[in-house]
Number of protein chains: 2
Amino acid sequence: MQTATAYATRRDLAPNRPMTIASPAVTFPRTYPTVTFNTGAEIYAPGDKAGTFYQVEFGAVRVHRLLSDGRRQVIAFHLAGETFGFEADRTHSFFAEAVSQTGLRAISRPANDEASPELLTLALRGMLRAQEHIMMIGRQTAVERIAGFLIDMADRQGGLEYFDLPMSRLDIADYLGLTIETVSRVFAKLRSSGLIKLRSIRCVEFKKPEALRSLCA
Amino acid sequence: MQTATAYATRRDLAPNRPMTIASPAVTFPRTYPTVTFNTGAEIYAPGDKAGTFYQVEFGAVRVHRLLSDGRRQVIAFHLAGETFGFEADRTHSFFAEAVSQTGLRAISRPANDEASPELLTLALRGMLRAQEHIMMIGRQTAVERIAGFLIDMADRQGGLEYFDLPMSRLDIADYLGLTIETVSRVFAKLRSSGLIKLRSIRCVEFKKPEALRSLCA
DNA sequence: CGCACGCTTGAAGCGCGTCAAAAAAGGTGG
DNA sequence: CCACCTTTTTTGACGCGCTTCAAGCGTGCG
């Protein structure tokens, strides 16, 4: 098992991936005032006209889609400071909802799309994030997925001693392609083996960060 | 079960996704001559400097990464006419290899990234493709994944009466997060129930396209 | 208080993975 | 063209990890 560093050499066949992707430090010209969404409130839905995108001021957002029989797949979470809502098509193809009380700053997409290196950077970053997500749910076990998820969440919140999970167990399950029961069981397992501590139901503290990282495939 | 059309209304809670994403009809300024890669040849590897990207002239490309214990996840296949290789970072984070004898046209990324709406379009399309891939492997059964995969491949090759799969069963398995045995069994099942015909091991013909589509969640 | 909601825990089942071996396909040299 | 080998694919038997189904538990709020 290796440390979670970037790829050192091109022949490094089995590296750990750098899951955390730097959050954007970008400012946009045509920005609108912050709008607040209550827990569960819908930000956009499939079929809605795209064109504006959003920067999270506070709170968190989940982006997802439902299958015909009700199965739900969460595509992404977006935390404070992150940007989302840009689409390849003219309309949205997912739902976006506030996971908790959330403030968003709407940003209008430049009319002709030209001269927008910021947006390109965000799009490429979004692609990379989705690809890392595929790595996570494609071939990894439940424990590996949750360990990776917790580390990702911690890193994205600034790597504090402890951090809050803004989303429910069900949201996590639907993000990782698991059931809520499995998520709960893995949390219990990580807790009982001393890797994490649950200060409260949604507040996680890493007791053995290295051990947790070593669980990531 | 609904037809695989785009989202009609914003309250359409459980639509089938438009899996096929239109292939780019884009031409680039600084283009280099076509280079041919043999089956299995490496195009780039993690750690390689990014900056140029590629348009597939003929053949097919797989993009993947390996986990520490050898598990492999294929992130994407790229067929003739499609473009790949752009990255958020300065270096690549995946392997790209020729699935079969493949011709590529290298394209240098504009130095300052400005005024490049084409690249933005490609990045957004790549993001959408990755997101659809997440939908596929996150919550769907083996049969659903393979049905969706076959339909996607058919559409991307122009929707002919029959089409070739350029990649092996193992490649398909690693793309869908399954094992080669499961892929083989599902192919056998689809064949024995008359939904598809295998003209040869890698040549597929849809006998009941609607039935196949109805398998997609 | 008592209901509602989110979370946890237990028991049983099943879909897919694993292991093993045979069959088919493809390539090479005579 | 055939004999021979390698690689890919298929098929079978069995086991495991996760899901499913079903209660229990905790916490917050009317």
Side-chain angles (χ1 to χ4, degrees), chain A residues 38-40 60 62 67 69-74 97 99-101 136-147 149-150 164-193 196-204 215 217, chain B residues 38-40 62 67 69-74 99-101 136-147 149-150 164-193 196-204 215 217:
Chain A
N38 288 324
T39 301
R62 70 171 164 257
L67 299 182
D69 59 356
R71 280 172 288 177
R72 189 180 72 152
Q73 178 65 50
V74 173
E97 293 165 358
V99 161
S100 56
Q101 183 96 337
M136 203 159 201
I137 64 179
R139 286 244 165 265
Q140 296 190 232
T141 66
V143 171
E144 289 167 341
R145 293 182 208 190
I146 288 182
F149 174 76
L150 289 177
D164 272 300
L165 296 172
M167 70 292 287
S168 70
R169 300 287 191 265
L170 183 58
D171 286 333
I172 297 173
D174 287 344
Y175 179 77
L176 296 176
L178 300 171
T179 60
I180 183 175
E181 292 95 333
T182 299
V183 171
S184 185
R185 275 185 256 267
V186 172
F187 269 83
K189 192 173 175 180
L190 294 177
R191 190 171 50 75
S192 71
S193 36
I196 65 173
K197 180 181 176 184
L198 293 174
R199 294 193 166 200
S200 76
I201 200 87
R202 293 200 185 173
C203 181
V204 180
L215 287 181
Chain B
N38 286 326
T39 300
R62 71 172 163 256
L67 299 182
D69 59 355
R71 281 174 287 177
R72 188 180 72 151
Q73 177 65 52
V74 173
V99 161
S100 57
Q101 183 97 335
M136 202 157 201
I137 64 180
R139 286 243 164 268
Q140 296 190 231
T141 65
V143 171
E144 289 168 341
R145 293 183 209 190
I146 289 183
F149 175 75
L150 290 176
D164 272 299
L165 296 172
M167 71 291 289
S168 70
R169 299 287 190 265
L170 183 58
D171 286 333
I172 297 173
D174 287 344
Y175 178 76
L176 297 176
L178 300 169
T179 59
I180 183 175
E181 292 95 332
T182 299
V183 171
S184 185
R185 274 185 257 267
V186 172
F187 268 84
K189 193 173 174 180
L190 294 177
R191 190 173 49 75
S192 70
S193 36
I196 64 172
K197 180 181 177 182
L198 293 175
R199 294 194 166 198
S200 78
I201 201 86
R202 294 200 183 174
C203 182
V204 180
L215 287 181

For this session: For S200(B), report the nucleic acid contact type (base, sugar-phosphate, nothing); a contact means any heavy atom under 4.0 Å.
Result: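 No contact.
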Exercise. For R71(A) and A217(B), which heavy atoms make the closest approach, and how far apart are they?
Worked result: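 Closest heavy-atom pair between R71(A) and A217(B): NH2-CB, 3.1 Å.
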With a 4.5 Å cut-off on side-chain heavy atoms, are [Y] and [X] touching?
X	Y	value
F187(A)	I172(A)	yes
Y175(A)	I137(A)	no
K197(B)	C203(B)	no
V186(A)	L178(A)	no
V99(B)	T39(B)	no
D171(A)	R72(A)	yes
M136(A)	L176(A)	yes
L165(A)	I201(A)	no

Exercise. With nearest nucleotides of DNA chain C determined for A142(B) and R169(A) from heavy-atom distances, which residue corresponds to the more 5′ nucleotide?
Worked result: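 Mapping each residue to its closest nucleotide by heavy atoms, the 5'-most match is R169(A).
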Measuring from the side chain of [X] (C-beta onward, heavy atoms only), which nucleotide among [options] has the closest atom?
X	options	answer
T182(B)	dC16(C), dT9(C), dT11(D)	dC16(C)
S184(B)	dT8(C), dT10(D), dC16(C)	dT10(D)
I180(B)	dT20(D), dC7(C), dT9(D)	dT9(D)

Exercise. V183(B) or V183(A): which one's nearest nucleotide on DNA chain D is closer to the 5' end?
Worked result: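 Closer to the 5' end of DNA chain D: V183(B).
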[X] vs [N]: side-chain N/O to OP1/OP2 distance below 4.0 Å:
X	N	value
T179(B)	dC16(C)	no
S168(B)	dT8(D)	no
R202(A)	dC7(C)	yes
R185(A)	dT8(C)	no

Provide, to the nearest angstrom, the distance between the [atom1] atom belonging to [X] and the [atom2] atom belonging to [N].
X	N	atom1	atom2	answer
L170(B)	dT10(D)	CG	P	12 Å
Q140(A)	dG17(C)	CD	P	15 Å
R71(B)	dG17(D)	CZ	P	13 Å
F187(B)	dT11(D)	CZ	P	13 Å
R139(B)	dG15(C)	CZ	P	16 Å
D174(B)	dT9(D)	CG	P	12 Å
L176(A)	dC18(D)	CG	C1'	14 Å
L198(A)	dT9(C)	CG	C1'	15 Å

Distances for protein N or O near nucleotides 20-29 of chain C N or O, under 3.5 Å:
none

For this session: Verify, without hydrogens or angle tests, whether R169(A) (side chain) and I180(A) (backbone) share a donor-acceptor contact under 3.5 angstrom.
Result: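 Looks like no, no N/O pair under 3.5 Å.
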Every protein N/O lying under 3.5 Å from an N/O of nucleotides 28-30 of chain D:
none

